[in-house]
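Quick note: numbers below take in every heavy atom, side chains included, and nothing from hydrogens, waters or symmetry partners. Proteins get letters first, then strands, A, B, ... in listed order; numbering begins at 1 in each.
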Number of protein chains: 2
Amino acid sequence: MYQHKMEDDIRCPLEYGLEVFGGKWKSRIICVLAEKGILRYSELRKEMSNITDAVLASTLKELIVDDIVHRKSFDEIPPRVEYCLTEKGKSVVPILQSICRWSGAYHKEDNENTMLQCKKCDYKRGKGGNL
Amino acid sequence: MYQHKMEDDIRCPLEYGLEVFGGKWKSRIICVLAEKGILRYSELRKEMSNITDAVLASTLKELIVDDIVHRKSFDEIPPRVEYCLTEKGKSVVPILQSICRWSGAYHKEDNENTMLQCKKCDYKRGKGGNL
DNA sequence: CAAGTAACTATGAAATTTATTAGTAGCTCA
DNA sequence: TGAGCTACTAATAAATTTCATAGTTACTTG
């Protein structure tokens with residue numbers, strides 16, 4: 001996924017954006033943190049059914065590198081680490097909401113009856129979804 | 001990529017949106033058609049440096065299935081096929097623009113000097129880019 | 001009559017993304 | 001004593017996406 005190599009930075013901003021919050025789990029993590037505020041690692045995982053540790057941890061790393069998510073670790077045992085959105089992270093939420101509105105409108109038309117519930121989050125059509 | 005199977009339609013709208021215009025070439029095709037209006041297959045390919053026929057043709061198919069792009073073929077020889085955005089396709093342009101604006105702002109901060117030119121399109125920082 | 005054209009398709013390989021499984025430290029509770 | 005907890009990492013495998021190469025049809029132009 002996105003890494004800060006020189007070569008990769010010579011790109012148009014549209015692609016940068018899609019890389020930062022595209023990808024299978026990134027937008028979902030941003031949604032959950034936008035809704036809940038601060039979450040520990042294990043709480044975050046509980047919110048994301050079907051994600052494994054390897055994937056969650058590496059996705060979080062990417063979001064941290066891109067300054068979307070902030071990580072705060074406490075010096076306790078058992079370990080405690082909290083995640084929340086950065087200001088930059090919060091600023092993508094309106095974009096995600098506009099994508100939701102857009103596709104809500106069009107997808108509904110295409111498939112009135114089938115799009116009732118999401119497997120990955122608790123979105124229900126007409127209920128405002130996860131944002 | 002996205003296909004209209006029942007299973008895939010039970011998803012949250014955010015993912016539907018990201019699938020429709022995410023992906024390596026989709027947003028680029030939408031941008032070009034938004035700017036130029038109607039283009040023949042070969043003209044479209046000329047605009048997208050480094051894409052191959054296999055990828056362009058299959059990406060176009062996906063965009064057509066999702067009703068983002070309209071295909072009109074003329075009964076001539078040599079063949080003539082024209083592509084343009086549908087109304088639904090035009091309606092994603094503002095979203096792509098908002099992504100551009102967002103990442104233009106943030107990416108600039110991160111990498112003031114490196115993000116000058118895109119390899120895939122003619123975006124130049126500060127010049128309004130490809131949208 | 002050979003070469004070129006437009007808009008593709010088919011096939012297989014390479015690259016990338018995502019998933020699976022197992023394991024880590026250092027404590028606490030039964 | 002040992003099982004459980006937290007927040008991960010490592011190694012590998014599977015799945016998906018993207019790419020490269022070559023070929024197709026039915027004409028037209030040199």
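The backbone N or O of I68(B) sits less than 3.5 Å from a side-chain atom of T86(B), completing a donor-acceptor pair. Checked by atom type and distance alone, the side chain of K88(A) pairs as donor or acceptor with a backbone atom of D66(A) at under 3.5 Å.
What separates CD of E76(B) from P of dC8(C) is a distance of 13 Å, to the nearest Å. In this entry the distance linking CD of E62(A) with P of dT17(C) reads 8 Å, nearest Å. For N50(A) and dT21(C), the CG to P distance is 13 Å, given to the nearest whole Å. Between the CD1 atom of I77(A) and the C1' atom of dG4(D) there is a distance of 15 Å, given to the nearest Å. The nearest whole Å value for the distance from the CE atom in M48(B) to the P atom in dT18(D) is 12 Å. For D75(B) and dA26(D), the CG to P distance is 12 Å, given to the nearest whole Å. Atom CG in L56(B) sits about 15 Å away from atom C1' in dA20(D), given to the nearest Å. As a whole-Å value, the separation of E19(A) CD from dT16(C) C1' is 11 Å.
Contact of the I51(B) side chain with the W25(B) side chain is registered, since non-hydrogen atoms from C-beta on lie closer than 4.5 Å. A 4.5 Å side-chain heavy-atom check between L60(A) and L44(A) finds at least one atom pair inside the cut-off.
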Identify all pairs in which a protein N or O lies below 3.5 Å from an N or O of nucleotides 5-11 of chain D, and state each distance.
residue: dT6(D); atom: O3'; partner: R40(A); partner atom: NH2; Å: 3.0
residue: dT6(D); atom: O3'; partner: P79(A); partner atom: O; Å: 2.9
residue: dA7(D); atom: OP1; partner: R40(A); partner atom: NE; Å: 2.8
residue: dA7(D); atom: OP1; partner: R40(A); partner atom: NH2; Å: 2.9
residue: dA7(D); atom: OP1; partner: V81(A); partner atom: N; Å: 3.3
residue: dA7(D); atom: OP2; partner: S42(A); partner atom: N; Å: 3.1
residue: dA7(D); atom: OP2; partner: S42(A); partner atom: OG; Å: 2.9
residue: dC8(D); atom: OP1; partner: R71(A); partner atom: NH1; Å: 2.3
residue: dC8(D); atom: OP2; partner: Y83(A); partner atom: OH; Å: 2.5
residue: dC8(D); atom: N4; partner: D53(A); partner atom: OD2; Å: 2.8
residue: dT9(D); atom: OP1; partner: K61(A); partner atom: NZ; Å: 3.3

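Between W25(A) and dT17(C) there is no side-chain polar atom (N or O) within less than 4.0 angstrom of OP1 or OP2. Put simply, K24(B) has no side-chain N or O that comes within less than 4.0 Å of OP1 or OP2 on dA15(C).
For the pair R80(A) and E82(A), the salt-bridge criterion is met [side-chain N within less than 4.0 Å of a carboxylate O].
In this structure, W102(B) and Y16(A) have parallel ring planes: the angle between them is below the 30° cut-off, well short of the 60° mark.
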